[in-house]
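Here the structure is a predicted model, which means the values were calculated and not measured. One-based numbering, in listed order, for ligands and for the atoms of each.
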Amino acid sequence: MNQIPLVDLKAAHAEVAEDVRAGFDRVLAGTAFIGGEEVRAFEREYAEFAGVGHCVGVANGTDALELALRAVGVGVGDEVVLPANTFIATAGAVARIGARPVLADCLPDTLLLDPAAALDAVGPATRAVVPVHLYGQCADTAALTAGLPKHVRVVEDAAQSQGATRDGRSAGSGTIAATSFYPGKNLGAYGDAGAVVTDDAEAANLVRALANHGGVAKYRHDVPGFNSRLDGLQAVVLRAKLARLADGNAARRAAAARYDALLGGLAAAGRVTLPVTADGNVHVWHLYVVRVGGADRDAVVGKLNAEGIGAGVHYPAPVHLTPAFRHLGHVRGDFPHAERAADRMLSLPLFPQITAAQQQRVVDALTNALR
Ligand SMILES: *Cc1c(COP(=O)(O)O)cnc(C)c1O
């Protein structure tokens, strides 16, 4: 049977295969395996793309979050406010520092962090708030920044939002943001990779030092650090894909609009709730997440998968209902919007190369599964 994957990495590779091969040859000839020219060039190009002053390439998105949080002063025992509806790594990065994740509910329509709930969760021990730009659109960072006391910093989780803007502003400008280049992300490497972006030169330098054994020069260790560096081969892939990212994001927007149209009947009948884009947002559609009404979501996913359609769930459990974060002491009912969404949400295949025929087949299968 003809499979329609959630994300088609083969199609993505086909577009960059020649550039990647040529770049790998350059790196192999020069043996710049960690850091080096390709990494520096990618950091410059990505900073320019994101409209920020500085980009520091690191080993993965979770490290990027940890490093960004450390760079703004988050330490052991501090509290960090983050959404209950996110990928677990947002909370994991906080926990790894020895800080305490403090959860806040999401908005019922966009499923992004509710700024009012986040501000309510801020207490005397709060050191940072992490808006997560989930599914490819920016959470309301401006509302957070305006409402927070001066000593509480905003650290954006931009792992799913490369290229997204809100009111013309991209993640990390004016504050600090972490992103991930995990292969399935909008800008994906061929292994693990990530970056911290910021306009703050001092924070960028601190991230660079922390990620390189505590110093930017060899055998100079100014702060206790660890090892989280971007390698030359990944930088080659990222440069080749970055050159096509704006086009890829535009193709994702077109595909999302086509789903909206194809799903109009199911939406009007109340069988699915379509994703909502917040005012002022340019969405980059990392994921197209619908919610099913009055149907067993897991059964629907099962039927789609049985037809060769790579539907997924992002994410089946909000942070507080995972065993890993049970110790935070929450119960079902504490974050009702996140919980309700987690029970009903379903991600449809979406990638820049998806065809109209593939999308029609997905919608036909979903229609059948909801019958
Ligand atoms: C992917 C992701 C991360 C973690 O990135 P890794 O590169 O897998 O460590 C963090 N936050 C969100 C929202 C993500 O989607």
Side-chain angles (χ1 to χ4, degrees), residues 6-7 9 42 46 55-70 74 80-97 99 101 103-104 106 110-113 118 128-139 141 154-164 170-172 176-197 207 211 226-231 234-235 237-238 241 249 252 275 283-289 312-319 322 324-325 338 341-342 345 347 350-351:
L6 183 68
V7 184
L9 294 181
F42 170 69
Y46 192 73
C55 168
V56 182
V58 301
N60 58 70
T62 311
D63 282 4
L65 268 172
E66 177 180 348
L67 288 159
L69 289 163
R70 287 186 185 278
V74 174
V80 176
V81 176
L82 57 103
N85 179 38
T86 183
F87 180 53
I88 199 70
T90 317
V94 172
R96 203 165 58 178
I97 294 172
L103 304 177
C106 60
T110 59
L111 310 183
L112 297 168
L113 176 65
V129 177
V130 184
V132 179
H133 304 322
L134 206 63
Y135 308 143
Q137 68 170 328
C138 294
T141 303
V154 173
V155 175
E156 297 167 72
D157 182 339
Q160 300 190 2
S161 65
Q162 293 103 10
S170 83
I176 191 164
T179 195
S180 163
F181 305 125
Y182 179 77
K185 300 285 158 83
N186 285 36
L187 180 58
Y190 290 176
D192 278 314
V196 175
V197 293
V207 168
F226 57 102
N227 169 13
S228 181
R229 298 176 298 218
L230 183 60
D231 68 74
Q234 298 307 337
V237 175
L238 292 169
K241 288 196 167 181
N249 285 343
R252 286 173 185 269
H283 204 311
V284 296
W285 297 102
H286 174 60
L287 292 166
Y288 188 91
V289 178
V313 178
H314 302 88
Y315 297 89
V319 172
T322 62
F325 289 96
M345 60 172 69
S347 308
L350 184 75
F351 43 88

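For Y182 and F87, the ring centers sit 6.0 Å or farther from each other.
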Show the distances, to 0.1 Å, for all pairs joining an N/O atom of ligand 1 and a protein N/O atom that are shorter than 3.5 Å, listing one pair per line.
{"from": "ligand 1", "atom 1": "5 (O)", "to": "S180", "atom 2": "OG", "distance (Å)": "3.2"}
{"from": "ligand 1", "atom 1": "7 (O)", "to": "G61", "atom 2": "N", "distance (Å)": "2.7"}
{"from": "ligand 1", "atom 1": "7 (O)", "to": "S180", "atom 2": "OG", "distance (Å)": "2.7"}
{"from": "ligand 1", "atom 1": "9 (O)", "to": "G61", "atom 2": "N", "distance (Å)": "3.3"}
{"from": "ligand 1", "atom 1": "9 (O)", "to": "T62", "atom 2": "N", "distance (Å)": "2.8"}
{"from": "ligand 1", "atom 1": "9 (O)", "to": "T62", "atom 2": "OG1", "distance (Å)": "2.5"}
{"from": "ligand 1", "atom 1": "11 (N)", "to": "D157", "atom 2": "OD1", "distance (Å)": "3.3"}
{"from": "ligand 1", "atom 1": "11 (N)", "to": "D157", "atom 2": "OD2", "distance (Å)": "2.8"}
{"from": "ligand 1", "atom 1": "15 (O)", "to": "Q160", "atom 2": "NE2", "distance (Å)": "2.8"}
{"from": "ligand 1", "atom 1": "15 (O)", "to": "K185", "atom 2": "NZ", "distance (Å)": "3.1"}

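Using a 4.5 Å heavy-atom cutoff, the side chains of F42 and Q234 are not in contact.
A donor-acceptor pair under 3.5 Å is absent between the side-chain atoms of D63 and the main chain of V58, judged by distance alone. Checked by atom type and distance alone, the side chain of Q160 never pairs as donor or acceptor with a backbone atom of H133 at under 3.5 Å.
Qualifying ring pair (Phe, Tyr, Trp, His ring centres under 6.0 Å) partners for F325, counting only residues two or more places apart in sequence or in other chains: H327.
Applying side-chain hydrogen bond (donor to acceptor under 3.5 Å, both in side chains) to T90 and the options T62, D157, N85 leaves one that passes, D157.
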